[in-house]
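I have placed the structure first, in the form of structure tokens, so that the comments after it can refer back to it.
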Amino acid sequence: MVDLDNLLTDLDAESAALESMVVDLPETDWARPTPAPGWTVAHQIAHLAWTDHVTTLAATDPDGFVEWLRRATEDPHNFVDQGAKEFLAPVPELLKRWRASRAALPRALRDLPPGAKIPWYGTRMSATSTATARIMETWAHGEDVADALGITRTPTARLRHVAHLGARTIGHAFATHGRPVPDTPVRVELTGPDGGLWQFGPPDAADRITGSALDFCLLVTQRRHHTDLDLVSVGPVATEWLGIAQAFAGPPGAGRQPSGREPGEAVR
């Protein structure tokens, strides 16, 4: 079982890596558009600050979070955008808000009683699952910022958390897209940044996905179209999953359009 302290250390490192990309940017670069329609670099950081804030609310005041979520999801297609807008501010204040929300969340998760689960969008999550989800989202939105700034990031071992979550959420992806959740198991075999093999799912599963860990993480966070990625699927369930993979909560993501490049070819 993954240790919460280790997860929170990796979350802090992922956040620090993203901050290093933006902290010295001139304000004009904070206004650069990112691949998310209508979102600038500032929106991406504001979204992370807002999400850390509402996650802390879920951990410290579950009833308050449920009531907030009830009101927020009266407009399910816009409340995430509204949250990002709510946390937008001039750059110094935005950085202050993000740092404060990043600091509050680990304290809240460490204070949870053993075995406690907090409410989230349509589910309840443990402290470790929550920390894993925050690593995934911080990395994914960091990819949007990197795309906007023309930066190619070096993959790290922290991607294993994203890959693990992606492999665990196959049923969620099918359900979110209104499709029957398959009973067929899927094996995922990925080559990590250091050349090691990362494996998820039953070793004897007939359906499988193989390829680069980085590309699998780009797939399940919907940061690249599956035809642009160095991934191979075998079997009908694995192949269908490629087109709908989604590790994050909420309604089906719009995903990205294919670039027309060969799989594995640099997108930037």
Side-chain angles (χ1 to χ4, degrees), residues 14 34-39 44 47-48 50-51 54-55 69 72-73 76-81 83-84 119-126 129-144 147 158-188 190 198 200-201 205 207-233 235-259 263 267:
E14 197 63 47
T34 68
W39 280 26
Q44 298 285 348
H47 169 74
L48 290 173
W50 171 78
T51 310
V54 296
T55 307
L69 185 61
T73 52
H77 297 292
N78 293 310
F79 82 96
V80 172
D81 286 343
W120 200 236
Y121 302 96
T123 188
R124 298 183 71 85
M125 300 204 303
S126 66
S129 292
T130 300
T132 302
R134 298 309 305 135
I135 293 171
M136 176 273 295
E137 191 164 11
T138 302
W139 179 82
H141 288 283
E143 188 67 17
D144 293 336
D147 283 344
R158 295 190 297 273
L159 280 181
R160 190 179 186 99
H161 303 303
V162 183
H164 171 70
L165 185 60
R168 287 186 58 194
T169 51
I170 178 171
H172 163 73
F174 275 81
T176 296
H177 287 79
R179 305 185 189 188
V181 176
D183 295 327
T184 303
V186 178
R187 174 74 163 179
V188 179
L190 308 171
W198 297 355
F200 310 95
D207 280 57
R208 53 188 57 224
I209 290 177
T210 58
S212 152
L214 171 60
D215 283 10
F216 183 73
C217 293
L218 291 167
L219 173 80
V220 299
T221 57
Q222 295 188 359
R223 262 51 191 182
R224 298 288 185 274
H225 193 271
H226 68 89
T227 58
D228 289 325
L229 300 172
D230 184 20
L231 297 170
V232 176
S233 64
V237 172
T239 299
E240 185 176 2
W241 186 25
L242 280 182
I244 59 171
Q246 177 173 325
F248 51 88
R256 300 286 162 81
Q257 294 300 308
S259 69
V267 176

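Please read these numbers as outputs of a predicted model, since none were measured by experiment. In this chain, numbering begins with 1 at the start of the sequence shown.
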Closer than 3.5 angstrom, by distance alone: can the side chain of Thr239 be matched with the main-chain N or O of Gly235 as a donor-acceptor pair? yes
Quick check against the 3.5 Å criterion: does Arg223 have a side-chain atom that pairs as donor or acceptor with the backbone of Thr221? yes
Which distance, rounded to the nearest 0.5 Å, do you find between the OG of Ser233 and the CG of Asp207? 8.5 Å
Heavy-atom pair with the smallest gap, counting every atom of Ala84 and Trp39: CB-CZ2, 3.9 Å
Grab the two heavy atoms, one from Met125 and one from Ala133, that are nearest each other, plus how far apart they are. CE-CB, 4.2 Å
With distance as the sole criterion, is a donor-acceptor pair present between the side chains of Thr132 and Ser129 under 3.5 Å? no
Which pair of non-hydrogen atoms, one from Pro252 and one from Thr176, has the smallest distance, and what is that distance? CG-O, 3.2 Å
Treating Asp215 as the side-chain partner and Asp230 as the backbone partner, does any N or O pair qualify as donor plus acceptor under 3.5 Å? yes
Side-chain touch Leu165/Val220, heavy atoms, less than 4.5 angstrom: no
May I ask you to test the Arg224-Asp147 pair for a side-chain heavy-atom distance under 4.5 Å? yes
Tell me whether Arg187 contacts the main-chain N or O of Gly201 through its side chain, where contact means a donor paired with an acceptor under 3.5 Å. yes
Sidechain-backbone polar pair: His164 side chain, Arg160 backbone, donor-acceptor under 3.5 Å: no
Starting at CD of Gln222, measure out to CD of Glu143 and round the result to the nearest 0.5 Å. 14.0 Å
Any sub-3.5 Å donor-acceptor pair from Thr169's side-chain atoms to Gly166's backbone N or O? yes
Establish, yes or no, whether a centroid distance under 6.0 Å links the rings of Tyr121 and Phe79. yes
Here the pair of heavy atoms bringing Ala245 nearest to Ala173 is CA-CB, 4.1 Å
Taken to the nearest 0.5 Å, the spacing of Thr184 OG1 from Glu240 CD works out to 10.5 Å
Side-chain touch His161/Glu14, heavy atoms, less than 4.5 angstrom: no
Is a side-chain donor or acceptor of Thr34 paired with a backbone partner of Asp144 at a separation under 3.5 angstrom? no
Just wondering, do Leu159 and Trp198 contact through their side chains at under 4.5 Å, heavy atoms? yes
Is there side-chain contact between Leu219 and Leu231, with at least one heavy-atom pair below 4.5 Å? yes
Taking atom CZ as the centre, does Arg168 end up with more than 12 heavy-atom neighbours from other residues, nucleotides or ligands that are less than 6.0 angstrom away? no
Using atom types as modelled and distance alone, determine if a side-chain donor or acceptor of His225 lies under 3.5 Å from a backbone N or O of Thr227. yes
Would you mind reporting whether Leu69 and Trp120 have side-chain heavy atoms less than 4.5 Å apart? no
To the nearest 0.5 Å, what is the distance between CD (Gln44) and CG (Leu48)? 7.0 Å
Measure from the side-chain N and O atoms of Asp228 to the backbone N and O of Ser259, and report whether any donor-acceptor pair falls under 3.5 Å. yes
Please verify the inter-ring angle class for Phe216 with Trp241; under 30° counts as parallel, over 60° as perpendicular, anything in between as tilted. perpendicular
To the nearest 0.5 Å, atom NE2 of His226 lies from atom CZ of Arg256 at 14.5 Å
dist Arg158:CZ -> Ile135:CD1 (nearest 0.5 Å) comes out at 8.5 Å
For residues Arg179 and Ile244, determine if any side-chain heavy atom of one lies less than 4.5 Å from a side-chain heavy atom of the other. yes
Hey, are the side chains of Glu137 and Phe248 touching, using non-hydrogen atoms and a 4.5 Å cut-off? no
